[in-house]
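Report on one structure; see the data block that follows.
All values below were derived from every heavy atom in this structure, side-chain atoms included, with hydrogens, water molecules and symmetry-related copies excluded.
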Amino acid sequence: LLDLLARETNRPALVFTASHGVGFPRGHARQLKEQGALICQEWPGGGQGEVPASMLVSGRDILPEMDLAGLVVFGFACFSAGTPKLDFFAPYYKRLPRQLANEPFVGYLPQRLLEQGALAFIGHVDLAWNYAFGWPSIGPLLDVFEDSLTAMLRGAPVGNAMEYFSHRYLDVNHELTKNLLAKYVENKPVDAEMIDYWTARNDARAYVVFGDPAARVSLQS
């Protein structure tokens, strides 16, 4: 991935990554600089302790000599864009909101990419859930990603292309509100389906664009 970003010729105009994003507990020495860093395929999986920096692409890896002018990056990963102070999803675990950081902060990777000339970074705040690309008992639901990326590749401004994610949020929020109201009127308890909708709604609202929302992917003919 770093070799791809550091190319002097034939550099990519658009990079889309789908991976885990590393997370650290509040106050950890690595949190501010490496939270949301992209975990790469060298990582053997869970149960191995802390992920070493050699298996991540973080802001520390974006060197001052890299020329990233014109690049658009979409980093689908937990915390890739930033970390809130409180966990958006804590009520899902039936507990009081968990404090994730001393203060909310923007990921270091998008900061460094933009400093080196990238036009825009699209990422996720807090945990990224599989509801973004699939649903229990239904299977893969990739249309939002496909539509957004296709729009970018056809020359739409990045901010405009991300409207598909805004529509997804509105659709899920509508279903959540409608079904919660129906259960309230019928005096029925909230069930697992409502938890799915609640989690998916919070996940869908957490995509953000850093940089220039009017930027367009520049493709060579």
Side-chain angles (χ1 to χ4, degrees), residues 1-43 50-85 87-88 100-128 132 145 148-149 152-153 157-162 165 203 205-220:
L1 179 55
L2 286 172
D3 289 343
L4 185 71
L5 293 174
R7 283 181 183 173
E8 294 184 3
T9 60
N10 197 28
R11 293 201 311 268
L14 172 65
V15 172
F16 174 79
T17 65
S19 71
H20 290 295
V22 71
F24 296 97
R26 176 170 60 95
H28 194 287
R30 297 174 65 186
Q31 188 182 48
L32 289 178
K33 294 296 185 182
E34 295 184 63
Q35 183 99 331
L38 307 179
I39 300 178
C40 298
Q41 63 185 9
E42 293 90 345
W43 185 56
E50 282 190 14
V51 182
S54 61
M55 297 180 183
L56 304 172
V57 169
S58 73
R60 298 181 188 272
D61 297 306
I62 308 303
L63 304 178
E65 60 266 26
M66 287 184 178
D67 179 8
L68 304 180
L71 178 66
V72 174
V73 178
F74 191 146
F76 172 69
C78 295
F79 305 111
S80 62
T83 302
K85 182 175 182 177
D87 185 352
F88 289 165
L100 298 177
N102 293 326
E103 296 294 339
F105 63 92
V106 173
Y108 189 51
L109 177 59
Q111 292 184 59
R112 288 294 300 125
L113 290 169
L114 293 173
E115 285 173 347
Q116 294 305 121
L119 290 177
F121 180 91
I122 303 157
H124 198 274
V125 177
D126 207 332
L127 295 171
F145 286 94
S148 180
L149 291 168
M152 291 182 206
L153 291 173
V158 170
N160 181 260
M162 289 303 294
F165 285 87
D203 177 78
R205 75 183 182 186
Y207 290 89
V208 297
V209 178
F210 294 143
D212 184 1
R216 301 172 189 264
V217 174
S218 176
L219 299 178
Q220 296 179 354

Discussion item. I want to check something: taking the side chain as every heavy atom from C-beta on, are Asp212 and Val158 in contact at a cut-off of under 4.5 Å?
Written reply: no

Fill in: 4.5 Å side-chain heavy-atom contact, Met55 and Cys40
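Met55 vs Cys40: side chains apart.
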
Keeping the roles fixed (side chain from [X], backbone from [Y]), state whether a donor-acceptor pair exists under 3.5 Å.
{"X": "Ser148", "Y": "Ala161", "answer": "yes"}
{"X": "His124", "Y": "Gly36", "answer": "no"}
{"X": "Gln35", "Y": "Arg30", "answer": "no"}
{"X": "Arg11", "Y": "Asp67", "answer": "yes"}
{"X": "Gln111", "Y": "Val106", "answer": "yes"}

Going by the side-chain contact (heavy atoms from CB on, under 4.5 Å) test, name the single residue among [options] that passes it with [X].
{"X": "Leu1", "options": "Val57, Asp61, Leu56", "answer": "Val57"}
{"X": "Val73", "options": "Phe121, Phe16, Phe210", "answer": "Phe121"}
{"X": "Leu100", "options": "Phe88, Phe79, Phe24, Phe105", "answer": "Phe79"}

About how many Å separate [atom2] of [Y] and [atom1] of [X], when rounded to the nearest 0.5 Å?
{"X": "Asn10", "Y": "Leu4", "atom1": "CG", "atom2": "CG", "value": "9.0 Å"}
{"X": "Glu42", "Y": "Ser54", "atom1": "CD", "atom2": "OG", "value": "7.5 Å"}
{"X": "Leu219", "Y": "Leu14", "atom1": "CG", "atom2": "CG", "value": "8.0 Å"}
{"X": "Leu63", "Y": "Gln116", "atom1": "CG", "atom2": "CD", "value": "8.0 Å"}
{"X": "Phe74", "Y": "Phe145", "atom1": "CZ", "atom2": "CZ", "value": "5.0 Å"}
{"X": "Leu114", "Y": "Leu109", "atom1": "CG", "atom2": "CG", "value": "9.5 Å"}

Nearest heavy-atom pair of [X] and [Y]: which atoms, and what distance?
{"X": "Cys78", "Y": "Ala128", "value": "SG-N, 3.2 Å"}
{"X": "Gly21", "Y": "Ala77", "value": "N-CB, 3.7 Å"}
{"X": "Leu119", "Y": "Ala215", "value": "CB-CB, 3.8 Å"}
{"X": "Ala81", "Y": "Pro110", "value": "O-CG, 4.3 Å"}
{"X": "Ser218", "Y": "Ala13", "value": "O-CB, 3.1 Å"}

Discussion item. Please check if the number of heavy atoms outside Gln41 that lie under 6.0 Å from its CD is greater than 12.
Written reply: no

Discussion item. Determine whether Arg60 and Arg112 satisfy the following criterion, side-chain contact (heavy atoms from CB on, under 4.5 Å), listing intermediate values before the conclusion.
Written reply: CA-CA 8 Å; Arg60 298 181 188 272; Arg112 288 294 300 125; over 6 Å; no

Discussion item. side-chain contact (heavy atoms from CB on, under 4.5 Å), that's the test. Do Glu34 and Glu50 meet it? Break it down for me.
Written reply: CA-CA 12 Å; Glu34 295 184 63; Glu50 282 190 14; over 6 Å; no

Discussion item. Between Met66 and Leu71, is the side-chain contact (heavy atoms from CB on, under 4.5 Å) condition met? List the steps.
Written reply: CA-CA 12 Å; Met66 287 184 178; Leu71 178 66; over 6 Å; no

Worksheet item: Which of parallel (below 30°), tilted (30 to 60°) and perpendicular (above 60°) describes His20 and Trp43?
Response: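 It falls in the perpendicular class, over 60°.
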
